[in-house]
Number of protein chains: 2
Amino acid sequence: MRGLDRPSQSGEQGAMNRKRVSAHQPVLLATVAAKAGVSIATVSRIVNGETGRASAETIERVQKIVGALGYRPNHVGRALRRRESRIVAMLSPNLDNPAMAAIAASVETALRSAGYVMILCDTHDRAELQDEYLHAMRSQAVQGYVLVNAVQSEALSASVARGDPIVFVGRRNPAGAGSFVGIDNRRAGADAADHLWAQGIRDLAVIHPTQGSSASRDRVDGFVRRLKELGLPCEAIRQASALGLSHLEVGYAAAQRLIDGKSWPGGLLCPSDMMAYGAYRLALEKGIRIPETCRIVGIDDNALNAWIAPWLISVRIPYADFGAKVVGQLQALWAGEQPSEQLLPHELIVR
Amino acid sequence: MRGLDRPSQSGEQGAMNRKRVSAHQPVLLATVAAKAGVSIATVSRIVNGETGRASAETIERVQKIVGALGYRPNHVGRALRRRESRIVAMLSPNLDNPAMAAIAASVETALRSAGYVMILCDTHDRAELQDEYLHAMRSQAVQGYVLVNAVQSEALSASVARGDPIVFVGRRNPAGAGSFVGIDNRRAGADAADHLWAQGIRDLAVIHPTQGSSASRDRVDGFVRRLKELGLPCEAIRQASALGLSHLEVGYAAAQRLIDGKSWPGGLLCPSDMMAYGAYRLALEKGIRIPETCRIVGIDDNALNAWIAPWLISVRIPYADFGAKVVGQLQALWAGEQPSEQLLPHELIVR
DNA sequence: CTGAAAGCGCTTACAG
DNA sequence: CTGAAAGCGCTTACAG
């Protein structure tokens, strides 16, 4: 229909404007209604499974036509009318990180089961991009937000203030309270400490990003505190940090500083697997044997570790279970409940 | 506004129904218009940058109010009216595969730059799920589809027949022609052959999924043909395959069959890095030294290889460049152009 | 059991 | 330079 009823006043340009008019006109509620000889209201009700509001014959006839024509309700119209888009936005800092990809996959699956679709936004860990996306998603009228490792930003504060349904994953709301799904980061660090200690390793070190998130800090903190409890003074634990966007590079550079003019430690905590990979590369370059010379402990336990990084001890985070929890939190928020935190169990994996 | 003008007839249940009425009423075109004392038509034009259709004073006044109120056009209303959702659906078989994650990230970035948002659907490589998503996305009135490693399915055929704008990535349309972004898989296989041959390795093998995609087949084919050209008869190339959804497992199991009762080959082509990881794990278990005993060549060259898989030779596929090409193809389709194929250059990486 | 009508938030000819 | 009105595809009280 579109454009066909518009008189073509530019006769000589007709040939140029002649696009493939292959676009089937869409099947609308009205199309079905006309074919069935009923009102669109009736078709709408039947399509929405509202039974008992139409005669059995009508229902059957309409359903047959719906099937034959392949009618699918247009969610744009529905969303406008019902005021629910059934879209959720997920903002993730970086899909190249297997942990983030695992979260995205898990959340996507859970949302789909619950009847929602997920718009994925890669913020590249940059506050401006996070803001841009937050604005764009508001325009999309998304019903909720899943913020993985969110950073502090203006639009985030505004969104929180507005009371938008947000679930924070991995990192807590950088500016206040809010629903959260993650692990007990301090305990994860402490578990790493316990393991290395139990191995009899006393020459310990930890690296971290210079401007680490609360998650990183908590992991390092838990590690250091636990060692202190075990009798190792803070000064005895070597620490190094490095700036950088990528944890791979942070791991490499921080490890470099750590060993600058000194020997490799016997045990090294890296608060993410990516940092562990970075440190590993440096070890390879320096001819250090891992794990014989140095036990590296990461956190995440990416699925690939079992296949190609058997040298890595890592705290497994059950990312596959995050999706269901996240969706649960969203539904709680939609139901008007207060935000809450959900900590999932982690497990140290030694290969 | 919602619900507030509805007379509360259940006085005694009032307390139970009293939800947090914290939901701010949204800022609409009408809100801005009322505040500015103009019609919504005028506000709409100004918001859409239609200059020269309103006096300078009006424009300034309206823009000020828009800013103060933080008005953002609701894309649901806009989509319904303009008949364009500015949403594109990406169907990917498995985000856990770093190659798929890289494609998703690249496409997402390119779409965003072009003013679109991406709904991500993880099909888990299952035809039924692909169909379910294809239907759901039609309901969402998405403007285009990006199908990564698509499998044959009913809804896909229907979508193609309908003329929906689809770009196939990695794997071609399993049932016919269509826009495509990928690499020259035969050449990639041939390049692997050339490299191993040049190393003087003659004891060669290749593994692959039993029901491989056209991409896998072409890679293996290119490898075998090139070796034949070089003088190695087909019979001299050991081959093994295995069933399985995950390429990791396929790699492991196929390698197992390959060496069943025999020695490890000196060179092994794995048509994906994931399969190479699988084969590597078996090698580790068997105490085979990689790469000293056996050179493994993968295809993809995942970003992590440089950090933790220096033993892996791999054909680098420029996934980071896929996004721009995919969006270009989509725009071509939207402009009414015929589908076309775009092959990007690959490069064998030897570490 | 069914339909006419209002309205969700926007855009856009059309008229002035 | 500006606004009234139609309409995008749906859902849902309301009336019969």
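Put simply, Y71(B) has a side-chain N or O that comes within less than 4.0 Å of OP1 or OP2 on dC10(C). For dG9(D), the OP1/OP2 oxygens have no side-chain nitrogen or oxygen of R78(A) closer than 4.0 Å. In terms of phosphate contacts, S55(A) brings a side-chain nitrogen or oxygen within less than 4.0 Å of OP1 or OP2 of dT2(C).
At whole-Å resolution of the value, CD in E50(B) and P in dC1(D) are 13 Å apart. For the pair Q140(B) CD and dG9(D) C1', the interatomic distance rounds to 14 Å; values are reported in whole Å. Atom pair L28(B):CG and dG7(C):C1' shows a separation of 13 Å (rounding to whole Å applied). Rounded to whole Å, the distance from CG on L29(B) to P on dT12(C) is 12 Å. The nearest whole Å value for the distance from the CZ atom in R83(B) to the C1' atom in dG9(C) is 16 Å. The CZ atom of R72(B) sits 18 Å away from the P atom of dG9(C) (whole-angstrom rounding). Rounding to whole angstrom units, CD1 of residue I40(A) and P of dA5(C) are separated by 12 Å. Put simply, CZ on R81(A) is 11 Å from P on dG9(C), counting in whole angstrom units.
Minimum atom distance to the side chain of L80(A) is reached by dG9(C), of the listed dG9(C), dG3(D), dT11(C). In the set dT11(C), dC8(C), dA4(D), the nucleotide with an atom closest to the side chain of S39(B) is dA4(D). Closest contact between the side chain of N48(B) and the listed nucleotides dT11(C), dA4(D), dT2(D) involves dT11(C). Of the candidates dT2(C), dC10(D), dT2(D), dT2(D) carries the atom nearest the T42(B) side chain, counting heavy atoms from C-beta on. Side chain of R45(A), nearest nucleotide from dT12(D), dC8(C), dC10(C): dT12(D). Nearest nucleotide to the A54(A) side chain, out of dT2(C), dG9(C), dA5(D): dT2(C). Here the side chain of N74(B) is nearest to one of dC1(D), dG9(C), dT11(C), namely dG9(C).
We find that E60(A) and K64(A) are joined by a salt bridge, their nearest charged nitrogen and carboxylate oxygen being less than 4.0 Å apart.
Considering only heavy atoms from C-beta on, V327(B) stays 4.5 Å or farther from V88(B) through its side chain. When side chains are defined from C-beta on, V32(B) counts as touching V27(B), because their heavy atoms get closer than 4.5 Å.
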Candidate pair F168(A) and E341(A), rule side-chain contact (heavy atoms from CB on, under 4.5 Å), full reasoning: CA-CA 9 Å; F168(A) 294 89; E341(A) 302 210 338; over 6 Å; no

Derivation and outcome, side-chain contact (heavy atoms from CB on, under 4.5 Å), residues V146(B) and V181(B): CA-CA 10 Å; V146(B) 180; V181(B) 174; over 6 Å; no

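One P atom belongs to dA6(C), the other to dT2(C), and the distance between them is 23 Å to the nearest Å.
dA13(D) is unpaired under the Watson-Crick or G-U wobble criterion, no partner having all donor-acceptor distances under 3.5 Å. Across all strands shown, dA4(D) has no partner, as no Watson-Crick or G-U wobble contact with both distances under 3.5 Å is found.
Taking for each of A41(A) and G77(B) the nucleotide of DNA chain C with the nearest heavy atom, the 5'-most of the two is the partner of A41(A).
Checking side-chain atoms of T109(B) against main-chain N and O of A105(B) turns up a donor-acceptor pair under 3.5 Å.
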